Asks: 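I have a structure I would like to understand better, so I am pasting it below and will then ask my questions one at a time.
The structure presented is a predicted model; accordingly, all values stated were derived computationally and were not measured. Because only heavy atoms are used, hydrogens play no part in the values below, and waters and symmetry mates are left out as well, while side chains stay in. Throughout, a chain's letter reflects where its sequence line sits, starting with A, and its residues are numbered from 1.
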Amino acid sequence: MTHDVRVRFAPSPTGHLHIGGARTAIYNWAFARRHGGTFVLRIDDTDPERSTEENTAAILRALRWLGLDWDEGPEAAGDYGPYFQTQRFDRYAAALQSLKDADAVYPCFCSAEKLAERRETARSAGGYVGYDRSCRAIPAADSAARVAAGEPRVWRVKVPEDRGDITFMDAIRGSMSFPSASMDDFVLVRTDGTPTYNFATVVDDADMAITHVVRGDDHLSNTPRQILVFEALGETIPAFAHLSMIWGADGKRLSKRHGAASVEAYRDEGYLPEALLNYLALLGWSLDDKTTVFDASTLVENFSLERVSKNPAIFDVDKLEWLNGVHIRTLSPSEFIERMLPWLEKEGLTDAADVEARRAWFEELAPLVSERIKRMDEVVDMVAFLFKDPIIMDESAREKVIMKEGAGRSLDAAVGILTHLETFDAASVEATLRAVPEQLRLKPKLVFQAVRVAVTGSTVSPPLFESIALLGKARTLARLHDAHIWATP
RNA sequence: GGCCCGUUCGUCUAGCGGCUAGGACAUCGCCCUCUCAAGGCGGAGAUCACGGGUUCGAAUCCCGUACGGGCUACCA
């Protein structure tokens, strides 16, 4: 009896797509694609207080940005919907009914306050803090009458007395075993009739024929409870795989304090989706003993739960940044231009029409820039001098370079020699300018830095001769001339 | 308190009874060089949390301990 792999990612729209959630989604997606299975996206929005449509939209957007596509779920097809838990209440009601019929649940009339009080006493006494099952002892006829009378109650599962250890095989951690005696009769349905997480999740995973539950290990201890519900429902128990957590640099839960914690925040900081995907995939999984850089298709071809590591990982922005640089450098010039454009547009430096009009010019620029940035947001500072006139010269650069002795002569010589240059390409510009230091008997470094600061406004720029060629003769000469007034001969 | 999980260079990891414990990021040095990068080469960095076992032999298997984490909610 082999059936197709069906996995799901089930975020709660209580916030944006978190880094940890993104990794869980990536692993689920990769696992589904690897096995030719189905990737289901389900929105666990049973908490009306904190769930919003904006968050749902943001999560979908972030998943798509990462390049993850789902076969079933919001804005997709699927025969197992609806894929929002708030639209599945009739399913939970039906499941509850079948549990009642099977005598697997009972109503509990204890008030939340009373329970909290009891728990507190038990805790201070150092004893068992779970529910004491007092309502389980109420005769069926009595509780039925109280339910009929409309007395507030929750529905609790009856943990079987003789259940013994609840064991299951975790695809990542191996054999897991939990004594059922340590499990209390947890709540499935609240006073207001809504299902709790451990109930809704099981009903949905069963309904949606999920074969592998791959999720964070904060749910590891919930798994035996959920297995109890699967059993009470008479449903097939899926396979489980629990991923360890991702922590911030201080070993604490990853949050805004550690910098960006959401996928879209990284997007906004200039990270490429393929780099973030690569990094996140690597944070807790390895292809082999040496492969670090790979793309989504390589991940899909090689992904396996067996190679997911058991220990928690600390999110290392430095490595992500390096990896982002690597992915930027693999972009072709035209791809790079496409990715760069939004950043330049945002600053009002250029637009799509300009790119179309000067395609060749941009193609020459692209590799000069892509080779020296790690985040896309850096393109702005790197190329602004090519788009803005006049340039704003960096003050310390002016003092340290332009006002240095010899700078004035260098600029004058450059102007003099470039004025007569007909072919203004990088090679010609270089050949021409190389003559300046020789002629003035100055160090090449001194001459070129002076020219660089005059032309780009900064001591750091793309390669000088290429930059000058891209800038063009007229603007280059004008800038050299403008800088001259500050220069020390 | 109870139940459960985890622990290899600063960080991510490889390792699944016999390795000089491998790779990557970060870091340091050198080379390249018009700046910054990129790239190349090399260095330093891990008594495999600790203590007991099992074994001819343990990072690998078993048992404790410590530390970290999760669950123990009418949150998910």
Side-chain angles (χ1 to χ4, degrees), chain A residues 10-12 14 44-47 49-51 108 110-112 115-116 119 122-131 152-156 170 173 176-179 181-184 186-192 194-198 200-201 216-225 242 244-245 247 249 251-253 279 282-286 288-293 307 309-323 325-326 329 368-374 382 397 401 430 433-434 437 443-449 451-453 456 458-465 467:
Chain A
S12 286
T14 54
D44 282 9
D45 57 351
T46 47
D47 184 349
E49 298 288 312
R50 300 189 294 150
S51 299
C108 169
C110 302
S111 73
L115 288 172
R119 194 159 40 234
R123 199 182 295 275
S124 54
Y128 178 68
V129 298
Y131 179 58
R153 75 284 177 178
V154 299
W155 291 89
R156 290 183 183 272
D170 188 286
R173 285 150 204 277
M176 295 292 120
S177 180
F178 297 73
S182 70
M183 220 70 55
D184 69 357
F186 52 97
V187 173
L188 298 185
V189 176
R190 305 185 184 100
T191 308
D192 65 3
T194 59
T196 59
Y197 166 74
N198 280 320
T201 296
D217 78 356
D218 46 339
H219 291 302
L220 187 55
S221 304
N222 282 323
T223 301
R225 295 189 180 82
H242 289 95
S244 55
M245 306 275 86
W247 288 344
K252 298 219 176 96
R253 216 187 171 86
Y279 179 72
L282 220 44
L283 204 56
W285 175 81
S286 58
D288 54 30
D289 59 339
K290 49 193 55 171
T291 307
T292 305
V293 181
R307 289 195 69 86
S309 87
K310 293 192 269 283
N311 32 350
I314 290 174
F315 190 87
D316 179 10
V317 194
D318 284 342
K319 187 159 185 176
L320 168 62
E321 206 169 61
W322 166 78
L323 201 48
V326 171
R329 273 174 259 130
L368 303 181
V369 181
S370 66
E371 193 172 289
R372 57 204 83 226
I373 59 171
K374 287 184 173 161
M382 184 98 9
V401 178
E430 173 162 11
L433 285 180
R434 288 276 179 205
K443 290 194 166 174
K445 199 167 194 161
L446 186 147
V447 175
F448 296 139
Q449 275 301 76
V451 174
R452 180 191 314 283
V453 171
T456 71
S458 166
T459 53
V460 177
S461 80
L464 184 60
F465 313 118
S467 296

Asks: Between atom CG in A:Asp288 and atom C1' in B:rG23, what is the gap in whole Å?
Replies: 9 Å
Asks: Between A:Arg153 and A:Cys108, is there a donor-acceptor pair closer than 3.5 Å when you use the side chain of the first and the backbone of the second?
Replies: no
Asks: So what does A:Ala313 hit on the nucleic acid, given a heavy-atom distance under 4.0 Å: a base, only sugar-phosphate, or nothing?
Replies: sugar-phosphate
Asks: Can you tell me how far C1' in B:rA59 sits from the matching atom in B:rG1, rounded to whole Å?
Replies: 34 Å
Asks: Hey, are A:Arg173 and A:Asp217 close enough for a salt bridge, meaning a charged N less than 4.0 Å from a carboxylate O?
Replies: yes
Asks: Pick base, sugar-phosphate or nothing for A:Thr191, based on heavy-atom distances below 4.0 Å to the nucleic acid.
Replies: base
Asks: Answer yes or no on whether A:Arg156 is positioned over the face of A:Tyr131, meaning its NZ or CZ is under 6.0 Å from the six-membered ring centre and within 45° of the axis.
Replies: yes
Asks: Please measure how far the C1' atom in B:rA46 lies from the corresponding atom in B:rA21, and state the result in whole Å.
Replies: 8 Å
Asks: Is A:Asp217 touching bases, backbone alone, or none of the nucleic acid, heavy atoms closer than 4.0 Å?
Replies: sugar-phosphate
Asks: Quantified in whole Å, what is the C1' atom distance between nucleotide B:rA76 and nucleotide B:rU60?
Replies: 37 Å
Asks: Relative to the 5' end of RNA chain B, which residue comes earlier, A:Asp316 or A:Asp47, by the nucleotide with the nearest heavy atom?
Replies: A:Asp316
Asks: Counting only side-chain heavy atoms from C-beta out, which of B:rC25, B:rC74, B:rC4 sits nearest to A:Thr196?
Replies: B:rC74
Asks: Choose from B:rC3, B:rC12, B:rA26 the nucleotide whose nearest atom is closest to any side-chain atom of A:Asp318.
Replies: B:rA26
Asks: Can a donor-acceptor pair be found, under 3.5 Å and without considering hydrogens, that links the side chain of A:Asp184 to the backbone of A:Gly130?
Replies: no
Asks: Does A:Pro463 reach a base, just sugar-phosphate, or nothing at all? Heavy atoms under 4.0 Å.
Replies: base
Asks: Taking atom C1' in both B:rC9 and B:rG23, what distance in whole Å separates the two?
Replies: 12 Å
Asks: Measure across A:Ile314 and A:Tyr279 and return the closest heavy-atom pair with its distance rounded to 0.1 Å.
Replies: O-OH, 4.0 Å
Asks: Looking at A:Ser461, does any N or O in its side chain come under 4.0 Å of the phosphate oxygens OP1/OP2 on B:rC36?
Replies: no
Asks: Of all the choices, B:rC36, B:rC74, B:rC34, which nucleotide is nearest to the side chain of A:Ala112 once you look at every atom?
Replies: B:rC74
Asks: Heavy atoms under 4.0 Å, any strand shown: does A:Val154 hit a base, just sugar-phosphate, or nothing?
Replies: base
Asks: Taking any strand in view, what nucleotide pairs with B:rC61 in a Watson-Crick or G-U wobble way, both distances under 3.5 Å?
Replies: B:rG53
Asks: Are A:Arg225 and B:rC71 close enough that a side-chain N or O sits under 4.0 Å from OP1 or OP2?
Replies: no
Asks: Are OP1 or OP2 of B:rU13 and a side-chain N or O of A:Ser309 less than 4.0 angstrom apart?
Replies: yes
Asks: Paired with B:rC3 by Watson-Crick or G-U wobble geometry, both distances under 3.5 Å: which nucleotide is it?
Replies: B:rG70
Asks: What is the base-pairing partner of B:rU35, counting Watson-Crick and G-U wobble geometry with both distances under 3.5 Å?
Replies: none
Asks: Would you kindly check whether a donor in the side chain of A:Arg173 faces an acceptor in the base of B:rC5, or vice versa, at under 3.5 angstrom?
Replies: no
Asks: Describe the nucleic acid contact of A:His242 in one word from base, sugar-phosphate, nothing, applying a heavy-atom distance below 4.0 Å.
Replies: nothing
Asks: Between B:rC34, B:rU13, B:rA76, spot the one nearest the side chain of A:Asp44, thanks.
Replies: B:rA76
Asks: Find which nucleotide of RNA chain B each of A:Thr292 and A:Ile373 is nearest to by heavy atoms, and output the residue with the more 5' nucleotide.
Replies: A:Thr292
Asks: Taking the side chain of A:Asp184 as its heavy atoms from C-beta onward, which of B:rA37, B:rG15, B:rU72 lies nearest to it?
Replies: B:rU72
Asks: With respect to the phosphate group of B:rA76, does any side-chain polar atom (N or O) of A:Thr46 fall under 4.0 Å of OP1 or OP2?
Replies: yes
Asks: Give A:Gln449 one of three labels, base, sugar-phosphate or nothing, depending on what nucleic acid heavy atoms sit under 4.0 Å from its own.
Replies: sugar-phosphate
Asks: So, OP1 or OP2 of B:rU8: does either fall under 4.0 Å of a side-chain N or O from A:Asn311?
Replies: yes
Asks: Using purine N1 to pyrimidine N3 plus N6-O4 or O6-N4 for Watson-Crick, or N1-O2 and O6-N3 for G-U wobble, both under 3.5 Å, which nucleotide pairs with B:rU20?
Replies: none
Asks: Quantified in whole Å, what is the C1' atom distance between nucleotide B:rG64 and nucleotide B:rC25?
Replies: 36 Å
Asks: Have a look at A:Tyr279 and say if it touches a base, only the backbone sugar-phosphate, or nothing, with a 4.0 Å heavy-atom cut-off.
Replies: nothing
Asks: With rounding to whole Å, what would you report as the distance between B:rC36 and B:rC28 at their P atoms?
Replies: 15 Å
Asks: Please tell me which of the listed nucleotides, B:rA76, B:rU11, B:rG6, lies nearest to the side chain of A:Ile314?
Replies: B:rU11
Asks: Roughly how far apart are A:Lys374 NZ and A:Arg329 CZ, rounded to 0.5 Å?
Replies: 8.0 Å
Asks: A:Phe178 side chain: which of B:rU11, B:rC3, B:rG6 is closest?
Replies: B:rC3
Asks: Between A:Val453 and A:Thr459, does the side chain to side chain contact (heavy atoms under 4.5 Å, CB included) criterion hold? Intermediate values first, please.
Replies: CA-CA 6 Å; A:Val453 171; A:Thr459 53; 3.9 Å; yes
Asks: Expressed in whole Å, how much space separates the C1' atoms belonging to B:rG15 and B:rG22?
Replies: 9 Å
Asks: Give one of base, sugar-phosphate or nothing for A:Arg153, where a contact means two heavy atoms less than 4.0 Å apart.
Replies: nothing
Asks: With a 3.5 Å cut-off and heavy atoms only, can you find an N or O donor on one side and an acceptor on the other between the side chain of A:Ser221 and the base of B:rG70?
Replies: yes
Asks: By nearest atom, which of the nucleotides B:rU72, B:rC34, B:rA14 is closest to the A:Phe448 side chain?
Replies: B:rC34
Asks: How is A:Met176 classified with respect to the nucleic acid when contacts are heavy atoms under 4.0 Å: base, sugar-phosphate, or nothing?
Replies: sugar-phosphate
Asks: From the list B:rC3, B:rA73, B:rC12, which nucleotide is the closest neighbour of the side chain of A:Lys319?
Replies: B:rC12
Asks: How long is the line joining NZ of A:Lys310 and C1' of B:rC5, in whole Å?
Replies: 11 Å
Asks: Grab the CE-P distance between A:Met183 and B:rA73 for me, whole Å please.
Replies: 12 Å
Asks: Is A:Ser12 reaching over with its side chain to a backbone N or O of A:Thr14, donor-acceptor style, under 3.5 angstrom?
Replies: no
Asks: So, does A:Arg452 get its side chain near the phosphate of B:rU33, meaning an N or O under 4.0 Å from OP1 or OP2?
Replies: no
Asks: Tell me the partner of B:rC25, counting only Watson-Crick (N1-N3 plus N6-O4 or O6-N4) or G-U wobble (N1-O2 and O6-N3) with both under 3.5 Å; none if nothing fits.
Replies: B:rG10
Asks: Using the P atom as the reference point in each nucleotide, state the distance between B:rA24 and B:rG39 in Å, no decimals.
Replies: 12 Å
Asks: Under 4.0 Å between any heavy atoms, over every strand shown, what does A:Ser12 touch: base, sugar-phosphate, or nothing? Just pick one.
Replies: sugar-phosphate
Asks: Would you indicate what A:Ser177 reaches in the nucleic acid, counting non-hydrogen atoms under 4.0 angstrom: base, sugar-phosphate, or nothing?
Replies: sugar-phosphate
Asks: When you compare the side chains of A:Thr196 and A:Asn198, does any donor N or O come within less than 3.5 Å of an acceptor on the partner?
Replies: no
Asks: What's A:Leu464 touching, base or sugar-phosphate or nothing? Going by heavy atoms closer than 4.0 Å.
Replies: base
Asks: Contact class for A:Pro179 (heavy atom, under 4.0 Å): base, sugar-phosphate, or nothing?
Replies: sugar-phosphate
Asks: It should be established whether A:Lys445 places a side-chain nitrogen or oxygen under 4.0 Å from OP1 or OP2 of nucleotide B:rU33.
Replies: no
Asks: Please determine, by modelled atom types, if A:His219 and A:Thr201 share a side-chain donor-acceptor pair under 3.5 angstrom.
Replies: no
Asks: Has A:Arg119 got a side-chain N or O lying under 4.0 Å from the OP1 or OP2 atom of B:rA73?
Replies: yes
Asks: Measure from the side chain of A:Val460, starting at C-beta and using heavy atoms only, and say which of B:rA37, B:rU35, B:rA76 lies closest.
Replies: B:rU35
